[in-house]
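Heads up, the thing below is written out as structure tokens.
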Amino acid sequence: MASESRLHLYKDTPKTMAQLKNSIWLSDVGAYPVLVVVTFAIGMSATFISYQCAKNPDVRIMTGRRQQLIRSWDADGEQ
């Protein structure tokens, strides 16, 4: 009986806007808060990772500094 009530929903990967509107996630209004929280969490995680890669002295992206065993800073305390 429960499967009959969801027969109109598109269960595969949506390829058009009509299929996207009939997808399971967007047809249920109760899923909107979940989507908002997940989107916010992904955004905050990406921001934190980007900030740490740019500002943390332990993260060495450049190949010249990657092989150093001991961190070295300039005389003024910055990298």
Side-chain angles (χ1 to χ4, degrees):
M1 185 164 156
S3 62
E4 295 171 359
S5 65
R6 295 212 174 244
L7 284 177
H8 68 285
L9 297 176
Y10 194 77
K11 294 180 182 70
D12 200 16
T13 304
K15 294 179 178 48
T16 63
M17 283 304 289
Q19 292 172 349
L20 181 64
K21 288 179 183 176
N22 285 336
S23 71
I24 291 175
W25 280 98
L26 295 180
S27 66
D28 187 11
V29 179
Y32 293 160
V34 174
L35 292 174
V36 169
V37 168
V38 168
T39 303
F40 178 75
I42 290 172
M44 290 299 292
S45 298
T47 302
F48 180 76
I49 290 171
S50 300
Y51 176 77
Q52 291 299 323
C53 286
K55 300 293 182 182
N56 194 343
D58 291 332
V59 177
R60 299 179 188 135
I61 297 174
M62 293 184 288
T63 56
R65 302 183 95 195
R66 197 178 297 161
Q67 301 300 324
Q68 293 177 348
L69 294 177
I70 301 174
R71 287 181 283 182
S72 60
W73 288 278
D74 293 336
D76 59 354
E78 294 183 16
Q79 292 191 40

What's in the same ILVMFWY side-chain cluster as Phe40, cut-off under 4.5 Å, chained through other members?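 Answer for Phe40: Met44.
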
Does any pair with a residue in residues 39-50 pass side chain to side chain donor-acceptor pair (under 3.5 Å), and if so which ones, sequence neighbours excluded?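 For residues 39-50, and leaving out neighbouring residues, there are no side chain to side chain donor-acceptor pair (under 3.5 Å) pairs at all.
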
Apply side chain to side chain contact (heavy atoms under 4.5 Å, CB included) to Val37 and list each qualifying residue two or more places apart in sequence or on a separate chain.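 Val37: no side chain to side chain contact (heavy atoms under 4.5 Å, CB included) contacts found.
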
Starting from Val34, can I reach Ile42 by hopping between I/L/V/M/F/W/Y residues whose side chains sit under 4.5 Å apart?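 Yes, it is one cluster - the side chains of Ile42 and Val34 are joined through contacts under 4.5 Å.
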
